[in-house]
A.B. asks: 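This is the structure I have questions about; it appears just below.
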4 protein chains.
Amino acid sequence: MASTDTAILEAAAELLSQRGYRGMTVAAVAAAAGVSQPTVYLRYASKHDLAVAAIARRPFFANPPDTGDLTEDLIALLTDIVATAETIGLSIIGVVLAEEPEHPELLARWRAAVGSSVLRAVDEIIDRARSRGQTRDDLQPGLVADLVVGAYLAHYTHEGRPDSAWARQIVETLRPGLT
Amino acid sequence: MASTDTAILEAAAELLSQRGYRGMTVAAVAAAAGVSQPTVYLRYASKHDLAVAAIARRPFFANPPDTGDLTEDLIALLTDIVATAETIGLSIIGVVLAEEPEHPELLARWRAAVGSSVLRAVDEIIDRARSRGQTRDDLQPGLVADLVVGAYLAHYTHEGRPDSAWARQIVETLRPGLT
Amino acid sequence: MASTDTAILEAAAELLSQRGYRGMTVAAVAAAAGVSQPTVYLRYASKHDLAVAAIARRPFFANPPDTGDLTEDLIALLTDIVATAETIGLSIIGVVLAEEPEHPELLARWRAAVGSSVLRAVDEIIDRARSRGQTRDDLQPGLVADLVVGAYLAHYTHEGRPDSAWARQIVETLRPGLT
Amino acid sequence: MASTDTAILEAAAELLSQRGYRGMTVAAVAAAAGVSQPTVYLRYASKHDLAVAAIARRPFFANPPDTGDLTEDLIALLTDIVATAETIGLSIIGVVLAEEPEHPELLARWRAAVGSSVLRAVDEIIDRARSRGQTRDDLQPGLVADLVVGAYLAHYTHEGRPDSAWARQIVETLRPGLT
DNA sequence: GATGAATGAGACTTCATTCAT
DNA sequence: TATGAATGAAGTCTCATTCAT
């Protein structure tokens with residue numbers, strides 16, 4: 001059944017976020033999805049395959065904010081990223097990094113899904129700013145994406161959840177380099 | 001014996017970096033340290049305690065570069081971070097993030113050890129720049145640390161290892177906002 | 001359908017020979033036969049019943065060689081047995097012997113099918129020889145069958161595949177006792 | 001403990017004979033030996049390794065009979081083989097043959113242990129007979145071993161347990177070819 | 001008659017942890 | 001202090017078998 005498919009993937013993604021790769025046991029996924037373990041194996045050849053598939057269910061940033069101003073767009077994007085992360089936690093990123101030595105496909109899948117969607121969002125924001133003449137011609141979107149998204153990763157890793165003023169402060173600090 | 005203590009901690013840190021929390025089995029730590037498993041338990045009450053202790057053995061950034069120029073200092077710091085990360089891998093950061101829901105002490109320990117040492121390094125670099133009149137008075141070191149260190153985390157997570165020109169490009173992009 | 005019946009039995013016999021009783025999974029039989037698993041169960045109440053039925057599909061020795069000479073007949077028969085065994089392997093005999101403690105029907109079926117057909121072949125060869133006056137009157141075909149067929153079983157079990165001269169050497173060693 | 005070692009190997013050999021490779025579960029071996037499953041894995045890296053080790057515990061034919069007469073020696077040897085087989089069953093031979101496609105080491109080990117010990121026994125019997133002038137100079141012990149041992153394998157496989165007169169009849173049938 | 005989908009039971013294996021010495 | 005030996009608990013995966021369609 002289609003609903004079984006969804007239930008399994010959602011249970012897997014949830015457990016992956018909350019209990020890590022190790023904690024995402026097939027038994028727990030099956031129980032959370034309300035099916036038996038072999039039913040999971042009917043769909044995925046191994047736990048590893050299931051985890052890889054679950055990664056792709058993480059949130060995308062498909063519709064970048066469009067406020068008409070570069071700074072505000074970036075603040076909105078960063079705020080959105082922070083809000084998303086506070087909902088589902090950063091541990092999913094931790095999982096894909098932590099498992100890289102043994103399961104590099106997880107990180108690969110994360111890059112293909114989430115990483116590229118973030119980059120695309122920044123790309124679009126900067127494109128629009130450029131067409132409004134708000135930004136330097138040689139500004140590289142990849143660098144901006146690294147700086148904006150990374151700031152949150154570093155802040156969380158080194159200090160914890162940022163306060164509400166933080167996103168604006170980051171983008172303000174960055175602004176002179178963009179325009 | 002002191003050398004036994006060291007051997008155990010080093011083996012644990014190494015395995016934690018290279019194989020993650022799950023891969024850091026007590027048997028593997030004991031074997032790598034050349035002792036028996038009960039010897040490990042004489043020192044740490046549990047595997048988890050051992051992992052927490054091992055986290056503190058991660059590299060510090062005790063002597064921030066001092067080139068006489070803010071930009072060059074930051075490039076050197078970032079280059080140093082990248083080099084360190086390429087040696088020991090990012091999976092250790094992944095581990096502390098991934099384990100946070102169940103073992104928040106790992107992340108707490110990481111913040112106390114590595115996070116604060118990075119922040120102190122950036123602090124010092126900016127202090128020196130400020131005393132040379134190279135930077136704004138209201139520049140907050142915490143934001144700069146987020147941006148510089150985070151850029152690498154984001155780049156690695158989204159794209160992989162950066163090329164050799166990358167660190168300079170990041171700092172150049174950032175520079176107008178610092179001075 | 002008749003062809004379905006055949007396909008299932010052939011797949012079962014093939015898998016039984018090549019992968020043993022354990023390797024003959026119902027899923028593998030169904031896949032090899034191009035049907036679903038329940039289709040197999042429509043025909044056989046259990047995997048075991050299927051195995052028993054598959055045993056009966058093993059090769060018979062219906063037309064014993066007739067060269068006009070006892071020795072040559074036996075050599076031809078033994079050569080034929082060796083050739084057959086090298087094609088389908090001895091593991092099928094292993095299966096019926098190995099399963100005897102728990103599933104004696106397999107061995108019973110093998111005796112009824114293959115064992116009796118070999119005995120009949122030796123019987124006929126010796127009958128013809130006797131009518132030509134080539135053999136002792138009191139020669140018991142059962143003993144000859146044991147010696148000829150068994151020689152191959154023992155050779156394979158103890159040493160492996162015999163070389164090309166072996167069948168003739170065996171029968172030559174045996175000859176003085178037959179005539 | 002040494003007694004644990006023995007208990008595990010004996011339990012494994014017993015189960016291998018009586019329930020086949022599949023039936024020799026590690027749980028059953030552990031239970032029969034009175035230990036936990038991990039204790040078994042402390043000694044053997046896998047179930048397969050355990051089975052291979054258990055094969056070597058099968059009976060040898062170290063002291064061939066020495067009656068002073070070739071025929072009687074062979075009858076005694078064959079009678080001994082039959083008696084041994086009736087005690088432990090032929091299913092262990094079935095197991096090594098049945099598992100050959102997936103676990104060829106079992107058959108290899110059987111050949112190295114049991115096969116070679118039988119061959120050595122026949123060798124010695126014939127050597128002694130030759131030194132007494134009771135046999136042909138060119139008689140090949142390997143062929144005799146094949147014929148004598150094989151006769152029992154074939155008889156059992158095709159008909160079942162032989163009656164008490166059978167061993168003598170086999171050797172008598174063979175005798176003219178030996179002397 | 002045929003099958004897609006499901007599952008209870010059980011197999012092999014690993015691991016953190018303990019205990020007697 | 002140190003360890004050889006042991007184990008409860010749990011994890012991944014497979015398989016014979018069933019049921020609704």
Side-chain angles (χ1 to χ4, degrees), chain A residues 1-5 8 21-30 33-51, chain B residues 1-2 4-5 8 21-31 33-51, chain C residues 1-2 4-5 8 21-31 33-51, chain D residues 1-5 8 21-30 33-51:
Chain A
M1 276 186 294
S3 74
T4 301
D5 294 1
I8 289 173
Y21 188 88
R22 191 177 24 131
M24 187 199 88
T25 68
V26 176
V29 171
V35 298
S36 69
Q37 289 194 53
T39 297
V40 175
Y41 281 96
L42 236 36
R43 287 166 172 73
Y44 302 95
S46 67
K47 166 180 170 164
H48 176 249
D49 283 9
L50 171 59
Chain B
M1 277 182 293
T4 300
D5 294 0
I8 290 173
Y21 189 89
R22 192 174 73 239
M24 188 198 87
T25 67
V26 176
V29 170
V35 299
S36 69
Q37 293 190 53
T39 297
V40 174
Y41 280 91
L42 283 175
R43 287 164 173 75
Y44 303 95
S46 69
K47 166 180 168 166
H48 178 246
D49 283 8
L50 171 58
Chain C
M1 278 186 291
T4 300
D5 295 1
I8 290 173
Y21 189 88
R22 193 175 71 240
M24 188 198 87
T25 67
V26 177
V29 170
V35 299
S36 70
Q37 293 190 54
T39 297
V40 174
Y41 281 91
L42 283 175
R43 287 165 171 75
Y44 303 95
S46 68
K47 165 179 169 167
H48 178 246
D49 283 9
L50 171 58
Chain D
M1 276 186 293
S3 74
T4 301
D5 293 2
I8 289 172
Y21 188 87
R22 191 178 24 132
M24 187 198 88
T25 68
V26 176
V29 170
V35 297
S36 69
Q37 291 193 51
T39 297
V40 174
Y41 280 95
L42 235 37
R43 288 166 171 73
Y44 302 94
S46 67
K47 167 180 170 164
H48 177 248
D49 283 10
L50 171 59

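Numbered from 1 within each chain, the chains take letters A, B, ... in sequence-line order. Hydrogens, waters and symmetry mates are skipped; everything else that's a heavy atom, side chains included, is used.
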A.B. asks: Toward the 5' end of DNA chain F, which comes first, A/Met24 or C/Ala27, by nearest nucleotide?
C.D. replies: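 It is A/Met24 whose nearest nucleotide is closer to the 5' end.
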A.B. asks: Atom CG of D/Leu50 to atom C1' of E/dA11: distance rounded to whole Å?
C.D. replies: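 Going from D/Leu50 (CG) to E/dA11 (C1'), I get 14 Å.
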A.B. asks: If you pin C/Pro38 and A/Thr39 to their nearest nucleotides in DNA chain E, which one's is more 5'?
C.D. replies: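 The residue closer to the strand's 5' end, by nearest nucleotide, is C/Pro38.
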A.B. asks: What's the closest nucleotide to the side chain of A/Ser36 if the choices are E/dA6, F/dT17, F/dC13?
C.D. replies: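 The closest nucleotide is E/dA6.
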A.B. asks: Between F/dG4 atom P and D/Asp5 atom CG, what is the distance in whole Å?
C.D. replies: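 Spelled out: CG on D/Asp5 to P on F/dG4 is 16 Å.
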A.B. asks: Measure NE2/D/His48 against P/E/dA11 and give the value in whole Å, please.
C.D. replies: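 It works out to 19 Å between those atoms.
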A.B. asks: In whole Å, what is the span from the NZ atom of C/Lys47 to the C1' atom of F/dT14?
C.D. replies: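 Distance, rounded to whole Å: 11 Å.
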A.B. asks: Whole angstroms only, please: what is the CG-P distance between A/Leu42 and F/dT17?
C.D. replies: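 For the pair A/Leu42 CG and F/dT17 P, the rounded distance is 18 Å.
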A.B. asks: Taking for each residue the nucleotide of DNA chain E bearing the nearest heavy atom, is the 5' side occupied by C/Gln37 or by D/Val26?
C.D. replies: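 This one resolves to C/Gln37.
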A.B. asks: F/dA16 P sits how many Å from C/Arg43 CZ, rounded?
C.D. replies: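 Taking atom P of F/dA16 as the reference, CZ of C/Arg43 is at 18 Å.
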A.B. asks: State which of E/dA5, E/dT17, F/dT17 makes the closest approach to the side chain of B/Ser46.
C.D. replies: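 Looking only at heavy atoms from C-beta outward on B/Ser46, the closest nucleotide is E/dT17.
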A.B. asks: Find the distance B/Arg22:CZ to F/dA10:C1' and express it as a whole number of Å.
C.D. replies: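 Whole-Å distance recorded here is 14 Å.
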A.B. asks: Within this structure, what is the OG-CG distance for the pair B/Ser36 and B/Leu42, rounded to the nearest 0.5 Å?
C.D. replies: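 Nearest 0.5 Å value for the OG-CG distance: 7.5 Å.
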A.B. asks: State, to 0.1 Å, how close A/Val35 and A/Thr4 come at their nearest heavy-atom pair, and which atoms those are.
C.D. replies: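 Residues A/Val35 and A/Thr4, closest heavy atoms: CG1-CG2, 3.7 Å.
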A.B. asks: Please find the pair of heavy atoms, one from D/Tyr21 and one from D/Ala51, that lie closest to each other, and give the distance.
C.D. replies: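 Heavy-atom minimum between the residues: CE1-CB, 3.7 Å.
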A.B. asks: Could you state the interatomic distance from CD (D/Gln37) to NZ (D/Lys47), rounded to the nearest 0.5 Å?
C.D. replies: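 Going from CD on D/Gln37 over to NZ on D/Lys47, the span is 11.0 Å.
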A.B. asks: Under the side-chain contact (heavy atoms from CB on, under 4.5 Å) criterion, do A/Tyr44 and A/Val26 qualify, and how do the steps go?
C.D. replies: CA-CA 11 Å; A/Tyr44 302 95; A/Val26 176; over 6 Å; no
A.B. asks: Name the closest nucleotide to the A/Tyr41 side chain, picking from F/dT17, E/dA2, F/dT14.
C.D. replies: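 The listed nucleotide nearest to A/Tyr41's side chain is F/dT14.
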A.B. asks: So what is the 5' to 3' dot-bracket string for DNA chain F, if pairs are Watson-Crick or G-U wobble with both distances under 3.5 Å, crossing pairs use [ ] and | means the partner sits on another strand?
C.D. replies: .||||||||||||||||||||
A.B. asks: Side chain of B/Thr25 only, please: which of F/dA16, E/dC15, E/dT7 is the nearest?
C.D. replies: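 Out of F/dA16, E/dC15, E/dT7, the nucleotide with an atom closest to B/Thr25's side chain is E/dC15.
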A.B. asks: Nearest heavy-atom pair of D/Ile8 and D/Val29: which atoms, and what distance?
C.D. replies: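 For D/Ile8 versus D/Val29, the nearest heavy atoms are O-CG1, 3.8 Å.
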